[in-house]
Amino acid sequence: MRSIKNILVTGGAGYIGSHTYVELKEAGYTPIILDNFSNASRGVIDRLNTLFQDKPMVIEGDIRDTSLVEKTLVEHQCDAVIHFAGFKAVGESMAKPLKYFEVNVGGSERLLSAMKNVGLRKIIFSSSATVYGDPQELPIPEAHPLTSASVYGQTKLMVEEMLRAVYAADREWSICILRYFNPVGAHLSGLIGEDPTGVPNNLMPFISQTAIGRREKLSVFGNDYDTPDGTGVRDYIHVVDLAKGHVAALDLMATPHCTPINLGTGNGISVIEMINAFEAASGKKVPYEIVDRRPGDIAACYADATRARELMDWNAERSIHDMCIDTWRWQSQNPDGYN
Ligand code: NAD
Ligand code: UDP
């Protein structure tokens, strides 16, 4: 019998959390969602219910509420935590730094304290490739020096440091720090996907909203980078592959360790290549114009994905075409997202 079964998924109603819920269920785990719905629609829960014909277990609450988290961990006999909850908008983090420190850093500290109080020491944490800053080498290995150009990046780095300190003090913890590259795409069913509030900051939702006619045109932020076509290069990873990476990481929870692992494909794709791929997949035109570089942007960023393969036997399998097809299915079936 598997010793790890019940998984607390903080932020489980969000974009990556909801896709991970699906993969956990399919792998035979029992996920319990803890979310305060500050950046998620309750419609997600209905969709998960539709997908499985089984009502998801959802605790509506905040990761900063230590007594609620403790009670949930005990009542549901949780064996591990996957910690997605937090805020992720880089621009907003610069304008509202305290909001980000409070929820991302303070919330993670509260969660870890609650876990410690009930004797649970297994956690998978959502970090980001942003902790590599402007990369000194490509593809980026986990040993690359860490830095942060934004408050958001700083919060990820601070939680990583917190986790390393927790492990240094108590070697019974089992900690996976997953550094995501650029998650895109949606579940094959078209029932769940990315539903940003307001104007999207990220490339893929902006492209898909332009293709469906919600936005007039895409602004391409610079074509004078030192990249093959001059536009920014990123490592886009299908959110279902990313979700499966979390299921794979649960197998590393059997023994104590604290390990950072990149989740990316290892391939760099430019903005223009992504536009072309999306047009081919959707059959829609994506009007765009080249504008100035976005402040703080880097030229290129893609993962050395060797460690994930070696430690977890995990590989990203879905292509750029899959990412575009699945995004388009979600966007065209849900032109206004969950509303
Ligand atoms: P998301 O905003 O869709 O999901 C986060 C979820 O956390 C939301 O459902 C929100 O309601 C919930 N939440 C926020 N604060 C909470 C709190 N105090 N208590 C309980 N729930 C709370 O974001 P996502 O794209 O799914 O990202 C998940 C995680 O992955 C985040 O930590 C993010 O920083 C990290 N990450 C995301 C990306 C990306 O591009 N999407 C890249 C790298 C890392
Ligand atoms: N990008 C763009 N127009 C947009 C949004 C993004 O040209 O409206 C570019 C951006 O400059 C970068 C790439 O697309 O080169 C990915 O941007 P995103 O914000 O999605 O991810 P990040 O820069 O955080 O890796």
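- Under the 3.5 Å distance criterion, with hydrogens and angles disregarded, no donor-acceptor pair is assigned to the side chains of Thr231 and Asn223.
- A donor-acceptor contact closer than 3.5 angstrom is absent between the side chains of Thr66 and Glu70.
- Annotation: Glu216, atom CD; neighbour count of heavy atoms from other residues, nucleotides and ligands within 6.0 Å does not exceed 12.
- In summary, Asp65 and Arg110 do not engage in a salt bridge, as defined by a charged side-chain N under 4.0 Å from a carboxylate O.
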**Request:** Evaluate the criterion side-chain contact (heavy atoms from CB on, under 4.5 Å) for residue pair Arg215 and Val199; output intermediate values, then yes/no.
**Result:** CA-CA 9 Å; Arg215 314 268 159 214; Val199 182; 3.7 Å; yes

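- Cation-pi geometry between Arg293 and Tyr225 is met: the NZ or CZ atom falls under 6.0 Å from the ring centre, inside 45° of the normal.
- Crowding of Gln77 atom CD: a count of heavy atoms from other residues, nucleotides or ligands under 6.0 Å not exceeding 12.
- Inter-residue side-chain proximity for Met204 and Phe278 is flagged as met; some heavy-atom pair is nearer than 4.5 Å.
- By the 4.5 Å heavy-atom criterion applied to side chains, Met274 and Leu203 are counted as neighbours.
- Using modelled atom types and a 3.5 Å distance limit, the side chains of Ser148 and Gln154 yield no donor-acceptor pair.
- Residues Ser189 and Leu51 have side chains in contact (heavy-atom distance under 4.5 Å, counting atoms from C-beta outward).
- Ring geometry, Trp330 versus Tyr338: the interplanar angle falls from 30° to 60°, so the pair is classed tilted.
- Between the side chains of His257 and Thr259, at least one donor N or O lies within less than 3.5 Å of an accepting N or O.
- Both Leu68 and Met57 belong to a common hydrophobic cluster when Ile, Leu, Val, Met, Phe, Trp and Tyr are linked at side-chain heavy-atom distances under 4.5 angstrom.
- Partner of Asp241 under the side-chain contact (heavy atoms from CB on, under 4.5 Å) criterion, chosen from His19, Met323, Glu317: Glu317.
- Relative orientation of the Tyr180 and Phe84 rings is tilted, given thresholds of 30° and 60° on the angle between their planes.
- Using a 4.5 Å heavy-atom cutoff, the side chains of Leu218 and Pro287 are not in contact.
- Using a 30° and 60° split on the angle between ring planes, Phe125 and His83 fall in the tilted class, from 30° to 60°.
- One finds a salt bridge joining Lys285 and Glu279 here, because a Lys/Arg side-chain nitrogen approaches an Asp/Glu carboxylate oxygen to under 4.0 Å.
- Counting only distance, with no hydrogens or angles, the side chain of Lys244 and the backbone of Leu24 share no donor-acceptor pair below 3.5 Å.
- Side-chain atoms of Tyr29 and Glu23 include no donor-acceptor pair closer than 3.5 Å.
- For the residue pair Asp62 / Asn36, a side-chain donor-acceptor distance below 3.5 Å is found, with atom types taken as modelled.
- Counted by atom type alone, Asn334 and Arg47 present one or more donor-acceptor pairs between their side chains at under 3.5 Å.
- The shortest side-chain heavy-atom distance between Leu191 and Thr50 falls under the 4.5 Å cut-off.
- Salt bridge present: Glu102 and Arg64 bring a charged side-chain N and a carboxylate O closer than 4.0 Å.
- Ile7 and Leu48 fall into different hydrophobic clusters, where Ile, Leu, Val, Met, Phe, Trp and Tyr residues are linked whenever their side-chain heavy atoms come under 4.5 Å apart, directly or through other members.
- The pair Arg121-Asp170 counts as a salt bridge, with a side-chain nitrogen and a carboxylate oxygen less than 4.0 angstrom apart.
- For Asp336, the CG atom sits in a packed shell: over 12 heavy atoms of surrounding residues, nucleotides or ligands are nearer than 6.0 Å.
- Residues Trp314 and Ile16 share a single hydrophobic cluster, defined by chaining ILVMFWY side chains whose heavy atoms lie under 4.5 Å apart.
- At a threshold of 4.5 Å between side-chain heavy atoms, the hydrophobic network of Ile, Leu, Val, Met, Phe, Trp and Tyr places Ile123 and Ile82 in two separate groups.
- Between the CG atom in Asp297 and the CZ atom in Phe221 there is a gap of 7.5 Å [rounded to 0.5 Å].
- Atom CG of Asp54 has more than 12 neighbouring heavy atoms from other residues, nucleotides or ligands inside a 6.0 Å radius.
- For Lys217 and Tyr288, the positive end is not near the middle of the six-membered ring at less than 6.0 Å and at most 45° from its axis.
- Put simply, OG1 on Thr197 and CG on Asp195 are 8.0 Å apart, with the number rounded to the nearest 0.5 Å.
- Within the 4.5 Å cutoff, no side-chain heavy atoms of Arg307 are placed close to those of Asn262.
- Between the Asp235 side chain and the Gly268 main chain, no donor and acceptor come within less than 3.5 Å of each other.
- A side-chain donor-acceptor contact under 3.5 Å links His238 to the backbone of Val240.
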**Lys284 vs Thr210, side-chain contact (heavy atoms from CB on, under 4.5 Å): CA-CA, chis, key distance, verdict** = CA-CA 9 Å; Lys284 295 281 177 189; Thr210 306; over 6 Å; no

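- Leu252 and Trp173 fall into different hydrophobic clusters, defined by Ile, Leu, Val, Met, Phe, Trp and Tyr side-chain heavy atoms under 4.5 Å apart, directly or through other members.
- Relative to the ring axis of Phe87, Lys99 places its NZ or CZ within 45° and under 6.0 Å from the centre.
- Between Asn182 and Tyr302, the side chains place no donor N or O within less than 3.5 Å of an acceptor N or O (distance only, hydrogens not considered).
- At a threshold of 4.5 Å between non-hydrogen side-chain atoms, the residues Arg164 and Cys258 count as touching.
- Asp326 and His187 form no side-chain donor-acceptor contact under 3.5 Å, judged by distance and modelled atom types alone.
- At least one donor-acceptor pair under 3.5 Å links the side chain of Lys5 to the backbone N or O of Gly28.
- Note on Glu160 versus Lys156: no salt bridge recorded, every NZ/NE/NH1/NH2 to OD/OE distance being 4.0 Å or above.
- Relative to the six-membered ring of Phe37, Arg42 meets both conditions, a distance below 6.0 Å and an angle of at most 45° to the axis.
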